[in-house]
Amino acid sequence: MKNISIPELVNILKKNNINRFYLIFNPETKKVEPSHKELQFLADFINSDTRDFEEHEGMFFQLTEKYDVLQGAFVHRTKRGQAAGGVRFWQYDNLEDYLRDGMRLAKGMTHKNALAGLWWGGGKGVMVHNPKYDKQNKEYRKYVYTEYGKFLTKLNGCYVTAEDVGTSVEDMANIYKTTRFTTCIPESIGGSGNPSEPTSRGVLAAMEAALAFKGETLNGKIVAVQGMGHVAEPLIGHLFNKNVGKVIAADINSDVVNSVKKKFAGKNLKAGVTKKTDNSILFEECDILAPCATGAILNINTIPKIKAKIICGAANNQLEDHDRDDKALADRGIIYVPDFLNNRMGIVNCANEQYGYVNNDDFIERHLQRKWNHGVYQTTLSVLKEATETGQPTSKVAIIQATKLSMQEHPVFGHRSLKIIQSLVNDDRFIS
Ligand code: NAD
């Protein structure tokens with residue numbers, strides 16, 4: 001599949017007059033089946049994959065009439081509720097990378113949502129940017145996101161989208177124009193607003209749990225933070241409030257560095273501008289390392305040089321190779337708090353927007369408090385305890401716990417989204 005490019009798939013679709021199609025998992029045959037026989041090759045690829053495919057309930061696609069943008073909704077598991085996860089607008093070299101990314105990210109959302117005790121399943125939207133056009137062009141984006149909303153409407157609610165990296169408030173507003181099946185809508189029309197501050201508190205709660213597991217506290221600790229953006233800035237403030245000894249931080253953007261330095265003037269903050277390829281912040285002499293910039297920074301090159309005994313930060317997908325790097329960290333005796341455990345507050349904040357808002361909302365705050373079983377603090381403790389008892393790496397343990405939770409059915413609606421998927425397949429409305 002690596003040898004098939006996205007434009008080649010677009011040609012196949014156009015030649016066969018296909019503008020919407022799906023790949024559905026048949027639980028009886030345990031095989032994925034395509035909506036069109038001409039697309040059997042896609043199902044064959046997925047059926048032969050054991051890395052990213054895990055009985056995903058359904059994958060749905062459309063090709064936009066203008067601009068030839070391939071849009072997808074990858075629905076992994078919906079026992080806990082509608083598949084929820086953000087939509088990204090990305091460029092892919094080939095079809096295999098696209099399908100793998102969609103399947104992997106959807107599975108990740110099942111884990112994140114279930115571990116957080118949310119009554120949502122896991123899914124992800126992935127749209128392929130057409131490099132013939134300027135990605136920032138307003139008309140292009142407006143069209144792409146509005147069409148994505150129409151596509152979600154066609155899906156009848158088995159997948160509910162949200163914001164993802166690179167998605168703006170305006171993009172979400174455009175989706176909302178054509179579907180109700182989105183969260184993270186702008187605050188001005190009833191959305192929940194930027195979740196970065198609660199996300200920073202989630203990271204803080206996980207750090208405190210990891211330290212408590214060792215019988216320690218944040219008092220006097222040295223914390224190194226990669227990235228000084230929307231999550232890192234409030235995180236640094238919370239760390240000083242907890243009397244850490246020092247924060248060392250780095251960002252590639254000098255304006256960001258200067259503004260954070262100004263905000264924490266008088267505090268023991270050592271902050272500097274760094275280059276994108278310079279990961280030396282990861283190797284600082286410190287107690288806790290908090291990656292809050294980009295993913296894949298924990299890998300065979302970086303792990304051997306890390307001095308921190310705890311890694312806990314908001315950046316998504318920190319492990320470059322999940323199994324290899326999870327184990328490498330455990331082998332070095334470093335406590336790694338999985339990102340999908342501690343950075344959940346983004347999805348927590350917007351997942352239940354339709355239920356309205358109350359001050360100090362318990363449905364939000366309980367994730368950040370110490371007592372709730374599914375809260376960040378208790379979940380971190382439970383994962384670290386099980387990892388110690390079983391000798392398994394932390395991320396693996398968190399996935400095992402999340403998978404178990406993802407098998408529980410919604411207390412009111414049961415496995416309704418599977419019925420939605422079956423309805424989409426049984427009548428031809430989606431593809432017609
Ligand atoms: P942000 O864009 O506001 O901040 C990221 C910062 O990292 C930027 O200031 C950027 O200049 C800097 N950066 C990029 N590459 C760098 C590098 N190589 N070295 C040092 N700095 C670098 O993003 P954010 O909202 O603060 O999110 C941070 C991370 O957490 C992202 O990976 C994001 O996907 C993840 N996350 C965020 C939320 C949220 O609520 N904002 C929720 C879940 C996960």
Side-chain angles (χ1 to χ4, degrees), residues 84-90 101 105 108-109 111-113 115-116 118 122 124 162-169 172 183-184 187 191-207 223-239 247-263 270-284 289-299 301-302 311-320 337-351 353 364 367-368 376:
V87 56
R88 68 175 51 177
F89 192 23
W90 223 246
D101 219 22
L105 293 166
M109 287 313 300
H111 300 147
K112 186 183 281 194
N113 294 341
L115 207 57
L118 294 174
K124 195 83 186 177
E163 219 172 317
D164 197 66
V165 270
T167 323
S168 69
V169 170
M172 297 315 292
T183 60
C184 304
E187 250 180 311
S192 52
N194 191 326
S196 303
E197 199 282 329
T199 299
S200 74
R201 282 194 284 148
V203 177
L204 183 81
M207 282 181 184
V223 185
V225 187
Q226 183 178 43
M228 296 167 67
H230 291 98
V231 177
E233 189 200 293
L235 175 65
I236 293 170
H238 296 312
L239 289 170
V247 175
I248 310 165
D251 199 292
I252 53 171
N253 183 332
S254 56
D255 290 343
V256 170
V257 174
N258 289 336
S259 131
V260 176
K261 268 176 143 174
K262 203 169 151 196
K263 181 156 186 191
K270 185 186 137 203
V273 182
T274 184
K275 291 204 183 87
K276 203 167 188 140
T277 48
D278 179 3
N279 272 323
S280 50
I281 182 81
L282 304 176
F283 318 131
E284 288 285 349
L289 171 64
C292 293
T294 56
I297 34 80
L298 302 177
N299 54 49
N301 299 319
T302 59
I311 300 177
C312 178
N316 277 314
N317 305 315
Q318 290 168 34
L319 302 172
E320 185 179 275
V337 182
D339 45 58
F340 59 89
L341 192 173
N342 72 58
N343 73 10
R344 62 167 67 168
M345 293 311 288
I347 193 89
V348 167
N349 201 54
C350 63
E353 277 175 351
I364 304 277
H367 289 270
L368 302 168
V376 174

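Atoms within each ligand, like the ligands themselves, are counted from 1 in listed order.
Using modelled atom types, one side-chain atom of E353 and one backbone atom of C184 make a donor-acceptor pair closer than 3.5 Å. With hydrogens and angles disregarded, no donor-acceptor distance shorter than 3.5 Å links the side chain of N317 to the backbone of G295.
At a 3.5 angstrom cut-off on N or O pairs, N194 does not count as close to ligand 1. The shortest N or O to N or O distance between K276 and ligand 1 is under 3.5 Å. Considering both main-chain and side-chain atoms, S196 comes within under 3.5 Å of ligand 1 through a nitrogen or oxygen pair.
Atom 36 (N) of ligand 1 has A314 O, 3.7 Å as its closest protein atom, hydrogens excluded (heavy atom only). Of all protein heavy atoms, the one lying nearest to atom 37 (C) of ligand 1 is V231 CG2, 3.8 Å. Nearest protein heavy-atom neighbour of atom 34 (O) of ligand 1: N316 ND2, 3.0 Å. Taking atom 43 (C) of ligand 1 as the reference point, the nearest protein heavy-atom neighbour is N343 O, 3.4 Å. In terms of protein heavy-atom proximity, atom 2 (O) of ligand 1 is closest to H230 ND1, 4.6 Å. For atom 9 (O) of ligand 1, the closest non-hydrogen atom on the protein side is D251 OD2, 2.7 Å. If you check which protein heavy atom lies closest to atom 4 (O) of ligand 1, you get G229 CA, 3.3 Å. For atom 31 (C) of ligand 1, the nearest non-hydrogen atom of the protein is A293 O, 3.3 Å.
One distance of note links CD of Q318 with OG1 of T302; it measures 10.5 Å at 0.5 Å rounding.
Residue contact check: G227 has heavy atoms under 4.0 Å from atoms 7 (O), 20 (C), 21 (N) of ligand 1. The T294 neighbourhood of ligand 1 comprises atoms 15 (N), with distances under 4.0 Å to a heavy atom of that residue.
Side-chain atoms of V223 and M207, non-hydrogen and from C-beta on, do get closer than 4.5 Å to each other.
Residue-level proximity to ligand 1 for Q226 is carried by the side chain, the only part with a heavy atom below 4.0 angstrom. Contact annotation: for A250 versus ligand 1, heavy atoms closer than 4.0 Å belong to the backbone alone. Contacts between C292 and ligand 1 below 4.0 angstrom, taking non-hydrogen atoms only, involve the backbone exclusively.
In terms of heavy-atom proximity, V225 sits nearest to A232 at CG1-CB, 3.8 Å. Across all non-hydrogen atoms, the minimal contact from G346 to P195 is CA-CB, 3.7 Å. Residues R344 and V376 approach most closely at NH1-N, 3.6 Å, considering heavy atoms.
More than 12 heavy-atom neighbours from other residues, nucleotides or ligands sit within 6.0 angstrom of NE2 on H238.
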Report the C-alpha distance between I311 and L298 in whole Å, list the side-chain angles of each, state the deciding distance to 0.1 Å, and finish with yes or no for side chain to side chain contact (heavy atoms under 4.5 Å, CB included).
CA-CA 10 Å; I311 300 177; L298 302 177; 4.0 Å; yes

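Taking a cutoff of 4.0 Å between a charged side-chain nitrogen and a carboxylate oxygen, K124 and D101 do not qualify as a salt bridge.
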